[in-house]
2 protein chains.
Amino acid sequence: MPSGSRLQKTESLRTLSAAAATRLRADILSCALPPGERLRLDALKTQYGVGYSPLREALVQLAAEGLVELEEQRGFRVAPVSADDLTDVTRTRISIETLALREALPAGDDAWEASVVQSFHLLSRIDPVEAPRRGVNVEWSKRHREFHYALVAACKSPLLKRFWAQAYDRAERYRRLAVTYGSKPRDNLKEHEKLMKVALDRDVEKACTLCSEHIMKTHRIILYDIGKKLSIFRS
Amino acid sequence: MPSGSRLQKTESLRTLSAAAATRLRADILSCALPPGERLRLDALKTQYGVGYSPLREALVQLAAEGLVELEEQRGFRVAPVSADDLTDVTRTRISIETLALREALPAGDDAWEASVVQSFHLLSRIDPVEAPRRGVNVEWSKRHREFHYALVAACKSPLLKRFWAQAYDRAERYRRLAVTYGSKPRDNLKEHEKLMKVALDRDVEKACTLCSEHIMKTHRIILYDIGKKLSIFRS
DNA sequence: GTCAACCCGATTTTCGAAAATATCCTGTTT
DNA sequence: AAACAGGATATTTTCGAAAATCGGGTTGAC
């Protein structure tokens, strides 16, 4: 079952529509709403305590991000998973992230370096292996995203960064799905550290290589651990 | 003023929401709804003859595609234009399209070749220079998009193709804006023909080079013709 | 038994009223 | 004049009722 209570407007999410999108996105990425699950409006209405309009707007937005599928007149469902889709998402993510790195590294200034170091430090303070409790993993996920984002943040192309975010999130869902279904989070802090080092050294080629390998390694583990289980999610 | 009459459901657009998104997208790409223009719901309601819900859903979707901007509690507007944005969109489009070409060319089979030839032929039947009437240009735009899509269609990554479409559309809006404001459509059929030839020969490097140059050439012309006028659109 | 037509409950989609919020105007104070 | 408050108007956002559509089940004709 997805996350808790009634939705409210906040400072940064000033409409229920935006709040619903944020919460639904989190619930889908965490697989609290599992792949393929039908999203009935009445159920969501009760669950989140908001009306049809904000919910539909949120779902349409998530459909545009590829996290939800909409079949007209037949409703919404969480985007299904498959080995093909995982491969597509992984390869595209590698392409986009390396493109972004190529632009970011030469453009990175002191502030960029500082935020890379900072986000790496925060990442290093959580051991995803030793602390497999739910809340901790959510926090690790946040910091992991922050770290990868910090690396590409100096890239001056908003559009490329938008694509980066979409690809990252779709890949991240598979990683969380694997962890949910028993895959052990691996200790990849060393990989991140090396990646950071070569990035700060502005070694573009090495950074792209390490980044690709880092993502591919995760990909292979996920595929090995849950590749055959993916077809379960036909609900 | 944007395109005509009351919206209706059709076979392929089975909800008013989808129909509204399609029509709004067309009106934004054609610049019938100019960049920066405020999109008041009451006005759109009258214009398109549908209620608030489908309109808001369509606008949220277009916001996710980068064609509309949403400021919470202050409504929607057509995405603004700027020289920086044009450059971002162009460069990202080149990156994505060459990525897609690299995957498509080696994967292209007979059917792909056939559809490339077919779409080139259709493109060649319209001269965008001689027939600058509105309807004809819309048809040329469609065929131009079809041609470029046909080239990358053999790429097996749905996600990359989704990104391709978003980048293409955002670039296309600038081209149409330039034409609307007096830029003469140039005769680039030769460029397309060469691109097709090298693509069919599976010369990946040459195809990527030609494609990049083709896009950059359009970019330079647009920037030259309307670069300084872009700031007009602050409405 | 098969197929089509029909009906019924479940669900999505659409609508406009009502609530929430922003924006503009006007008058008042300093 | 500038700054501010109060209130009227414009606009967005949200809601649940109503309409449209889907899916499953039943009936009846062949």
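What you see below is based on every heavy atom in this structure, not just the backbone, and it leaves out hydrogens, waters and symmetry mates. Computed from a prediction, not measured in an experiment: that's the story for all the values here.
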Q) Looking only at side-chain N and O atoms, does A:K45 come under 4.0 Å of OP1 or OP2 in D:dG16? A) yes

Q) Hey, do the aromatic rings of A:Y168 and A:F163 have their centres closer than 6.0 Å? A) no

Q) Strictly by modelled atom types, are B:S183 and B:R175 linked by a side-chain donor-acceptor pair under 3.5 Å? A) no

Q) What integer distance in Å separates A:R77:CZ from C:dT11:P? A) 13 Å

Q) A:L70 CG to D:dT21 P: how many Å, rounded? A) 16 Å

Q) Quick one: is C:dT21 close enough that its OP1 or OP2 comes under 4.0 Å of any side-chain N or O from B:R74? A) no

Q: Say whether B:E65 and B:Q61, considering side chains only, have a donor N or O and an acceptor N or O under 3.5 Å apart.
A: yes

Q) Which comes earlier along DNA chain C counting from the 5' end, the contact point of A:R14 or that of B:Y52, where each point is its nearest nucleotide? A) B:Y52

Q: Would you classify B:S53 as touching base, sugar-phosphate or nothing, given that sugar-phosphate means primed atoms plus P, OP1 and OP2, and contacts are heavy atoms under 4.0 Å?
A: base

Q) In whole angstroms, how far is the C1' atom of C:dG16 from the CG atom of B:D42? A) 11 Å

Q) Side chains of B:H144 and B:Y149: donor-acceptor distance under 3.5 Å anywhere? A) no

(Q) Reading DNA chain C from 5' onward, which residue's closest nucleotide shows up sooner: B:G49 or A:L41? (A) A:L41

Q) Please give, in whole Å, the distance from D:dT14 P to B:L55 CG? A) 16 Å

Q: Take atom CZ of B:R56 and atom C1' of C:dG16, then tell me their distance rounded to the nearest Å.
A: 14 Å

(Q) Any side-chain N or O of B:R38 below 4.0 angstrom from OP1/OP2 of D:dT12? (A) yes

Q: Grab the CD-P distance between A:E71 and D:dT21 for me, whole Å please.
A: 16 Å

Q: Name the nucleic acid region contacted by A:L7, choosing base, sugar-phosphate or nothing; use a 4.0 angstrom heavy-atom cut-off, strictly under.
A: nothing

Q.
What is the separation between atom CZ on A:F76 and atom C1' on D:dC22, rounded to the nearest whole Å?
A. 15 Å

Q: Examine D:dT21: is either OP1 or OP2 under 4.0 Å from a nitrogen or oxygen in the side chain of B:K9? Give yes or no.
A: yes

Q: Find the distance B:E72:CD to C:dT21:P and express it as a whole number of Å.
A: 12 Å

**Q.** Stepwise side chain to side chain contact (heavy atoms under 4.5 Å, CB included) test for A:L70 and A:L59
**A.** CA-CA 8 Å; A:L70 161 57; A:L59 290 166; over 6 Å; no

Q) Which nucleotide, C:dT13, C:dC15, D:dC15, lies nearest any side-chain atom of A:L16? A) D:dC15

